[in-house]
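Here is the structure we will look at.
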Amino acid sequence: VSKKKHADDLLTFLDASPSPYHAVKTIAARLEEAGFTELDERQEWKLTKKSKHYVIRQDSSIVAFTIGKAPLVDSGFAIVGAHTDSPCLKLKPRPAVQTKGFLQVGVEVYGGAILATWLDRDLAIAGRVTLKKSLESKIVRTDRSLFRIPNLAIHMNRSVNEDGLKVNKQTELVPVFALDDSAKAEDALLPQLLGILGVKQAKDVADFDLCLYDMQKASFSGRDNEFIHSARLDNLASCHSGLSALIEASSKESAATRVLVCFDHEEIGSESAQGAAGPFLPQTLERIVEALADEKQAFQRTLAQSFCISSDMAHAVHPNYASLHEPNHMPKLGQGPVIKANSNQRYATSGHSAARFAQACKDAGIEPQRFVVRSDMSCGSTIGPITAAGLGITTVDVGNPMLSMHSIREMCAAADVDKMVSVLSAFWR
Ligand SMILES: [Zn+2]
């Protein structure tokens, strides 16, 4: 597989995944193509040594695994975790708003978005609708520009460049949808929107989970096309590298049982039925052990042998703000995976788990970069500490370096895509 192929493929993956539901659908489709089959949480699981399966919860989190040759109690789980969600604007349950001849849609902010970056963008919509009676889900999207949050002219906001662009989430972050001051416009909005989304019978839709997304496709940029610009690099880039490595590795048997988990709801704290703080991963792992192992205390013994790589994007040093990084820990774009550590366990990394990841890097011929936040700044977090606390397994926090995290259009380096895939492949070999 050429270097360019993984980066090209990441662009395709990003464009196919405008919402967590689409990300899971994209991941599942690729797993199916690679011979994985879906398990139903409501059925009994019958697993064998050769099993390659995946299981989806709530349409937005997914666990995929390949059973290893060695007994689980001897080899444990080799886990890679990432998240499917990104900060965005979500449609309110009753979205229609009419003001001064405009028909607008009310949105809630999901996660820690840089709000100003959502202004003056061409916004489309994607997500899930739930049908009446059957309560069946349909994953839907439109590739048409439908919405925009217009910036205020500088003549009415003279100090914007000195004070920065502040946006009130309730009153100033209301996307415009149409010019319509008719009395029926508000009632007609949802059926119209569902029609545009290709739902034939709007009256059959009971409810929806829809988010706005940036129409602009992922692209290469820079003198040598060394950069990738896209929405949702945090953290679809890690879902993509985990998935690519799992599929590559799955053509060969390994001793350990490989597990890839991509969770929803990381950006809002992971507390949900399908989030990292919920029981999805522990229950799935327990069922795998129960289906395969006869040994006493097999689940706890397997966990004691397990290792988790929590993969989420890292902060590369920014050329215009280099002083905001710790001088000895300045990850560079294009220089490969970063091990993230924090003494207050905002990252799950220890010296021991860092050493294990560094070994996988060495096996792939790569030197990992290191990150700690400046001692006078507060540190972000990931699914790493949550997974470690929930399962009690050794965990390391890592990720590829990026800029503009949580902007509507983020940035990373094309060269890093292949590096992370090689390291995760080495881990799973
Ligand atoms: Zn993230």
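Counting starts at 1 for both ligands and their atoms, in listed order. Everything quoted here is computed from the prediction, not taken from an experiment.
Less than 2.8 Å away from the Zn ion (ligand 1), the protein contributes these N/O/S atoms: H83 NE2, D234 OD1, D312 OD1, D312 OD2.
Checked for salt-bridge contact, D214 and R121 meet the test: a charged N lies under 4.0 Å from a carboxylate O.
With hydrogens and angles left out, the side-chain atoms of S310 and D397 include a donor and acceptor closer than 3.5 Å.
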(message) Please determine whether side chain to side chain donor-acceptor pair (under 3.5 Å) holds for the pair D312 and S238, giving the CA-CA distance in whole Å, both sets of side-chain angles, and the decisive distance to 0.1 Å.
(response) CA-CA 6 Å; D312 201 346; S238 303; 5.0 Å; no
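Evaluated for a side chain to side chain donor-acceptor pair (under 3.5 Å) with T37, the options H53, E32, K52 yield exactly one hit, H53.
Using a 30° and 60° split on the angle between ring planes, H240 and H6 fall in the perpendicular class, above 60°. Ring pair H229/F227 is parallel by interplanar angle, where below 30° counts as parallel and above 60° as perpendicular.
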